[in-house]
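See structure below.
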Amino acid sequence: MNVISFPRCSIAYLRRVGAYGAVNRAVMERLLALAGQAGLLGPESAILSIAWDDPAHTPPAACRYDACLVLQEGQTLPGADVRHGVLPGGRYAVFTIPHTEQAVSEAWHTIGRLLRETGCTADSGRPVMERYTSAGVQDGTCAFCIPIL
């Protein structure tokens, strides 16, 4: 685990509302296709997967999922259903995990334990994110980023 400070960043994203699951992958694939067509994917690109709601406390039909592209200065992603926004910066506990469905699922289910083990306190005002970079995709990993106080 590393504790890092993420800067505030502009994003382009696609949102899906509904039960989390395999359908979220289609949203991510659509974002990647749009970003590729716009020439916005490269070695420095970062993709974020954000599940905004805890399904233990939010009805499945109301759970929000965003597939996000971190934008560089002056970039925009065209598309009728593409939204643009800003993610606040801040401190994150970052765990690098294998990019497998099982490892990501286990990470989502062990957030509390991971934080207790590191002595960190979660910041519920910012989202937990899965972060994908070109280097991570090449070595089969992703970063599980938990906002901390």
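Only a predicted model underlies this, so the values are computations on that prediction, with no experimental measurement involved.
Here Val23 sits alone; no ILVMFWY side chain lies under 4.5 Å from its own, so it joins no hydrophobic cluster.
A distance-only check finds a donor-acceptor pair linking the side chain of Asp53 to the backbone of Arg64 [under 3.5 Å]. Within the 3.5 Å criterion, the main-chain N or O of Gly42 finds a donor-acceptor partner in the side chain of Ser134. In this structure, Thr58 contributes its side chain and Pro55 its backbone to no donor-acceptor pair below 3.5 Å. Checking side-chain atoms of Arg16 against main-chain N and O of Ala67 turns up no donor-acceptor pair under 3.5 Å.
Leu31 and Val70 are not part of a single hydrophobic cluster, where members link through side-chain heavy atoms under 4.5 Å apart. When the side chains of ILVMFWY residues are joined at heavy-atom separations under 4.5 Å, either directly or via intervening members, Ile11 and Tyr65 end up in two distinct hydrophobic clusters. One hydrophobic cluster, built from ILVMFWY side chains closer than 4.5 Å, holds both Leu71 and Leu32. Hydrophobic clustering of Ile, Leu, Val, Met, Phe, Trp and Tyr side chains at less than 4.5 Å, counting indirect connections, unites Leu41 with Met28. Linking Ile, Leu, Val, Met, Phe, Trp and Tyr residues whenever their side-chain heavy atoms come within less than 4.5 Å places Val104 and Val128 in a single cluster.
Pairing each heavy atom of Leu115 with each of Ala93, the nearest pair is CD2-CB, 4.5 Å. Leu69 approaches Ile47 most closely through the heavy-atom pair CD1-CD1, 3.5 Å. Listed here is the closest heavy atom pair of Trp52 and Tyr20: N-OH, 3.4 Å. When all heavy atoms are compared, the tightest approach of Tyr13 to His84 is CE2-C, 3.9 Å. Taking each heavy atom of Val82 and Ala12 in turn, the nearest pair found is CG1-CB, 4.0 Å. Tyr132 and Ser49 make their closest contact through CE1-CB, 4.1 Å (heavy atoms, listed as atom of the first residue, atom of the second, distance).
Annotation: the span from Cys120 atom SG to Met1 atom CE amounts to 4.5 Å, rounded to 0.5 Å. Here the CD-CG distance, from Gln72 to Leu40, works out to 9.5 Å after rounding to the nearest 0.5 Å. Taking CZ from Arg113 and OG1 from Thr118, the interatomic distance works out to 10.5 Å, rounded to the nearest 0.5 Å. One finds the OH atom of Tyr92 at 11.0 Å from the CZ atom of Arg131 (value rounded to the nearest 0.5 Å). Within the model, atoms CZ of Phe95 and CD of Glu117 stand 8.0 Å from one another, a figure rounded to the nearest 0.5 Å. With rounding to the nearest 0.5 Å, the separation of CG in Asp54 from SG in Cys63 is 8.0 Å.
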Show your working on side-chain contact (heavy atoms from CB on, under 4.5 Å) between Arg30 and Asp81 and close with a plain yes or no.
-> CA-CA 11 Å; Arg30 174 148 165 65; Asp81 54 347; 2.9 Å; yes
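The pair Asp66-Arg83 does not meet the salt-bridge criterion, since no charged nitrogen lies less than 4.0 angstrom from a carboxylate oxygen.
For Pro98, the side-chain contact (heavy atoms from CB on, under 4.5 Å) partners two or more places apart in sequence, or in a different chain, are Thr100, Ala103.
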Considering only distance and modelled atom types, tabulate donor-acceptor pairs under 3.5 Å from the side chains of residues 136-149, sequence neighbours left out.
unit_1, atom_1, unit_2, atom_2, d
Asp139, OD1, Thr141, N, 3.3
Asp139, OD1, Thr141, OG1, 2.6

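Heavy-atom neighbours of Glu101 CD from other residues, nucleotides or ligands within 6.0 Å: at or below the threshold of 12.
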